[in-house]
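Here is the structure we will look at, set down as structure tokens.
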Amino acid sequence: MNEMVPRNELMKQGGKAVGGIGGGAALLIVGALSASTVPAIIIGGVLTVFGLIVASKSKEDKLAGGVVAGAGILTFLKGMPFLHSLAGGLLWISGVGLIVAGGVSLYKFIKGLKARG
């Protein structure tokens with residue numbers, strides 16, 4: 001039989017699932033929107049500044065802010081002609097990786113939910 005998963009563990013798994021899938025989709029969308037130089041530089045700059053602000057606000061948000069700032073830097077670099085392919089590929093890999101990680105957390109969440117009831 002499956003052991004009952006504690007509620008706080010289920011909440012963490014659900015949050016990771018939503019964050020991973022949503023964040024991965026957002027990275028893929030940002031990568032698609034920043035296909036040309038000017039939008040990539042603008043979107044990348046805004047994401048980088050926003051991520052750094054979020055990371056500096058509280059201890060709990062350091063990771064999320066760092067991820068957003070990293071995505072912003074990659075988006076900014078995608079606007080540079082000589083780094084366009086490399087940065088675009090890294091954005092795509094990061095987006096797909098986050099979606100996969102979110103999917104795994106979603107699977108664990110659903111499995112834990114079934115074990116509870």
Side-chain angles (χ1 to χ4, degrees):
M1 283 242 179
N2 293 333
E3 291 185 33
M4 189 157 75
V5 180
R7 181 176 182 191
N8 62 347
E9 185 66 29
L10 272 179
M11 289 174 50
K12 285 180 188 178
Q13 290 170 347
K16 286 180 184 179
V18 170
I21 293 170
L27 274 181
L28 294 177
I29 291 169
V30 164
L33 290 176
S34 60
S36 61
T37 303
V38 175
I41 290 172
I42 292 171
I43 293 170
V46 169
L47 283 175
T48 302
V49 170
F50 178 72
L52 291 174
I53 290 171
V54 168
S56 68
K57 290 290 180 186
S58 70
K59 193 175 183 180
E60 296 84 26
D61 295 335
K62 276 193 188 299
L63 179 62
V67 168
V68 171
I73 291 169
L74 281 177
T75 306
F76 183 84
L77 292 176
K78 189 176 178 190
M80 305 299 154
F82 53 92
L83 292 173
H84 179 77
S85 297
L86 177 66
L90 288 173
L91 272 173
W92 188 84
I93 289 170
S94 301
V96 171
L98 278 172
I99 290 173
V100 168
V104 168
S105 291
L106 181 63
Y107 172 76
K108 289 179 180 178
F109 174 77
I110 292 171
K111 186 178 169 185
L113 215 66
K114 285 182 179 179
R116 288 183 67 91

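The residues of the chain are indexed from 1 along the displayed sequence. Excluded from the calculations below are hydrogen atoms, water molecules and symmetry mates; all remaining heavy atoms, backbone and side chain alike, are included.
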Practice task
State plainly whether one hydrophobic cluster holds both I53 and F50, where clusters connect Ile, Leu, Val, Met, Phe, Trp and Tyr through side-chain heavy atoms under 4.5 angstrom apart.
Solution key: no
Exercise for the section: Please answer: with hydrophobic residues joined when any side-chain heavy atoms are less than 4.5 Å apart, are L27 and V100 in the same cluster? Expected result: no
Exercise for the section: Consider only side-chain heavy atoms of I, L, V, M, F, W and Y, link residues closer than 4.5 Å, and tell whether L83 and I41 are in one cluster. Expected result: yes
Completion exercise
Here the gap from Q13 atom CD to M11 atom CE, rounded to the nearest 0.5 Å, amounts to 12.0 Å
Handout entry: Nearest heavy atoms of L47 and G72, plus distance in Å
Key = CB-CA, 3.5 Å
Exercise for the section: Give the cluster check for I99 versus L106: same hydrophobic cluster or not, with ILVMFWY residues linked at side-chain heavy-atom distances below 4.5 Å. Expected result: no
Exercise for the section: Indicate, with yes or no, if L91 and I73 share a hydrophobic cluster defined by side-chain heavy-atom contacts under 4.5 Å among Ile, Leu, Val, Met, Phe, Trp and Tyr. Expected result: yes
Completion exercise
Shortest non-hydrogen pair, A40 vs K78, comes out as CB-C, 4.2 Å
Exercise for the section: Report yes if the side chains of V54 and V68 come closer than 4.5 Å at any heavy-atom pair, otherwise no. Expected result: no
Problem - Inter-residue atom distance I42.CD1 - S34.OG, 0.5 Å rounding - result: 11.5 Å
Handout entry: Minimum-distance pair of heavy atoms, taken over all atoms of A55 and G66
Key = CB-N, 4.1 Å
Completion exercise
Looking only at heavy atoms, the pair that brings L28 and W92 closest together is CD2-CD1, 3.6 Å
Exercise for the section: May I ask you to check whether over 12 heavy atoms, not counting those of M80, lie within 6.0 Å of atom CE? Expected result: yes
Problem - Gap separating the OG atom of S105 from the CD1 atom of I110, nearest 0.5 angstrom - result: 11.0 Å
